[in-house]
There are 2 protein chains.
Amino acid sequence: MNVQFKKGILELCVLIYTLKKDRYGYELVHSISDKIQIAEGSIYPILRRLTKEGYFATYLAESNEGPPRKYYQLTHAGREYLDQLVSDWNLFSKSVNEIIEEGMDT
Amino acid sequence: MNVQFKKGILELCVLIYTLKKDRYGYELVHSISDKIQIAEGSIYPILRRLTKEGYFATYLAESNEGPPRKYYQLTHAGREYLDQLVSDWNLFSKSVNEIIEEGMDT
DNA sequence: ACCCAGTACTATATAATGTATAGTAGCTAA
DNA sequence: TTAGCTACTATACATTATATAGTACTGGGT
């Protein structure tokens with residue numbers, strides 16, 4: 001899949017998946033990859049950045065399937081940022097679709 | 001507007017706008033900016049790259065409103081590439097919308 | 001006891017691309 | 001003649017997805 005299209009959207013995906021429950025990195029990679037193929041190396045930098053910016057709180061929890069998991073919990077600021085991103089996406093994709101429709105109507 | 005969302009899409013926009021008739025750079029900047037705000041510095045590198053890759057043929061034409069204009073004409077390969085990009089975009093935006101719908105249904 | 005696969009995270013370097021900024025140059029109108 | 005619009009070029013920069021490598025824990029097969 002077109003790599004450039006993903007720019008900015010992975011952030012949105014990560015935030016959405018943490019909306020209903022706390023998630024850990026490895027889980028996010030595989031959940032998101034069901035829809036949009038991504039690499040492990042893409043998720044962890046995003047998680048660190050969003051945490052640094054105050055959109056996630058984190059805590060460690062033991063696992064019986066491997067090393068401890070770092071869980072990411074959406075903060076209030078994170079929720080607001082997510083809403084903004086979704087709104088931006090809706091406007092953006094609408095504009096792109098209009099350009100395509102107007103340009104391709106044969 | 002979210003800068004990252006634009007990555008990869010400007011290319012698609014440029015190609016679409018040259019589908020019905022040949023265009024020059026300055027014209028493209030302003031046409032596309034009606035829908036998605038972009039800078040002059042974004043368009044010209046794209047035009048040079050797409051030309052280098054064989055998706056555009058170019059020719060100069062005089063203008064009575066300023067310096068000569070370099071027109072960009074979509075090649076057959078350019079048309080095929082555009083079709084591919086639109087197809088990629090449709091799949092991508094569908095996936096993103098599914099993720100948003102599934103994640104935000106309260 | 002040993003090795004391998006799967007799980008889980010971290011760190012670094014790289015590639016792609018939109019933007020900012022600056023510069024060149026032609027035309028028209030006040 | 002000067003300002004403003006038109007039109008293109010070039011360079012440096014910021015952001016972000018990826019590739020790659022490494023650390024480390026668990027459990028199963030031999």
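We name chains A, B, ... by the order of the sequence lines, and we start the count at 1 in each one. Every heavy atom of this structure was used, including side-chain atoms; hydrogens, water molecules and symmetry mates were not.
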- Note on the structure: Residues passing the ring-ring contact (aromatic ring centres under 6.0 Å, His included) test with Tyr17(A), sequence neighbours excluded, are none

- Query: So which of residues 42-53 of chain B are in contact with DNA chain C, with a heavy-atom cut-off of under 4.0 Å?
  - Reply: Ser42(B), Ile46(B), Arg49(B)

- Examine Leu91(B) and Ile16(B) and state if one hydrophobic cluster contains both, with Ile, Leu, Val, Met, Phe, Trp and Tyr joined whenever side-chain heavy atoms are less than 4.5 Å apart. yes

- Among the nucleotides dA17(D), dA24(D), dT6(D), which one has an atom lying closest to any side-chain atom of Pro67(A)? dA24(D)

- Task: Go through DNA chain C in 5' to 3' direction and return only the first and the last nucleotide with some atom under 4.0 Å of chain B's heavy atoms.
- Result: dT17(C) to dT28(C)

- Query: Over how many whole Å does the gap from Gln4(A) atom CD to dA14(D) atom C1' extend?
  - Reply: 14 Å

- Message: With the threshold set at under 4.0 Å for non-hydrogen atoms, list the residues of residues 29-41 of chain B touching DNA chain D in residue-number order.
- Response: Glu40(B)

- Message: Could you go through Ile43(A) and Ile32(A), starting from their C-alpha distance and side-chain angles, then the distance that decides it, and tell me whether this counts as side-chain contact (heavy atoms from CB on, under 4.5 Å)?
- Response: CA-CA 10 Å; Ile43(A) 284 290; Ile32(A) 295 175; 4.1 Å; yes

- Message: Pairing donors with acceptors under 3.5 angstrom, does anything connect the side chains of Glu101(A) and Asn97(A)?
- Response: no

- Message: Is there a side-chain contact (heavy atoms from CB on, under 4.5 Å) between Arg23(B) and Ser31(B)? Walk through the geometry before answering.
- Response: CA-CA 10 Å; Arg23(B) 305 275 192 173; Ser31(B) 298; 4.3 Å; yes

- Item | Working for salt bridge (charged side-chain N to carboxylate O under 4.0 Å, His left out), residues Arg69(A) and Glu62(A) | CA-CA 6 Å; Arg69(A) 295 163 173 168; Glu62(A) 280 179 31; over 6 Å; no

- Across the strands shown, which category fits Lys7(A) at heavy-atom distances under 4.0 angstrom: base, sugar-phosphate, nothing? base

- Identify, with sequence neighbours excluded, every residue that meets ring-ring contact (aromatic ring centres under 6.0 Å, His included) alongside Tyr26(A). His30(A)

- Query: Rounded to the Å, how far apart are Tyr24(B) OH and dC5(D) P?
  - Reply: 16 Å

- Query: Taking it one step at a time, do Lys70(B) and Asp22(B) satisfy salt bridge (charged side-chain N to carboxylate O under 4.0 Å, His left out)?
  - Reply: CA-CA 10 Å; Lys70(B) 186 184 280 187; Asp22(B) 304 350; over 6 Å; no

- Taking for each residue the nucleotide of DNA chain D with the nearest heavy atom, is it Ser63(A) or Leu10(A) whose nucleotide lies nearer the 5' end? Leu10(A)

- Item | Spacing of Asn2(A) atom CG relative to dT16(D) atom P, expressed in whole Å | 17 Å

- Note on the structure: By nearest-nucleotide position on DNA chain C, the 5'-leaning member of Leu60(A) and Val3(B) is Leu60(A)

- Query: Roughly how many Å is it from CD in Glu62(A) to P in dT26(D), rounded to a whole number?
  - Reply: 9 Å

- Message: Within the 4.5 Å heavy-atom criterion, are Leu50(A) and Tyr81(A) side-chain neighbours or not?
- Response: yes

- Item | Residue mapping more 5' on DNA chain D - nearest nucleotide basis, Glu65(A) or Glu11(A) | Glu11(A)

- If you look only at pairs with a residue in residues 52-61 of chain A, which of them pass as a salt bridge (Lys or Arg N to Asp or Glu O under 4.0 Å), with sequence neighbours excluded? none

- Grab the OH-P distance between Tyr26(B) and dT6(D) for me, whole Å please. 4 Å

- Task: Rounded to the nearest 0.5 Å, what's the gap from OG1 on Thr58(A) to OH on Tyr71(A)? Could you check?
- Result: 13.0 Å

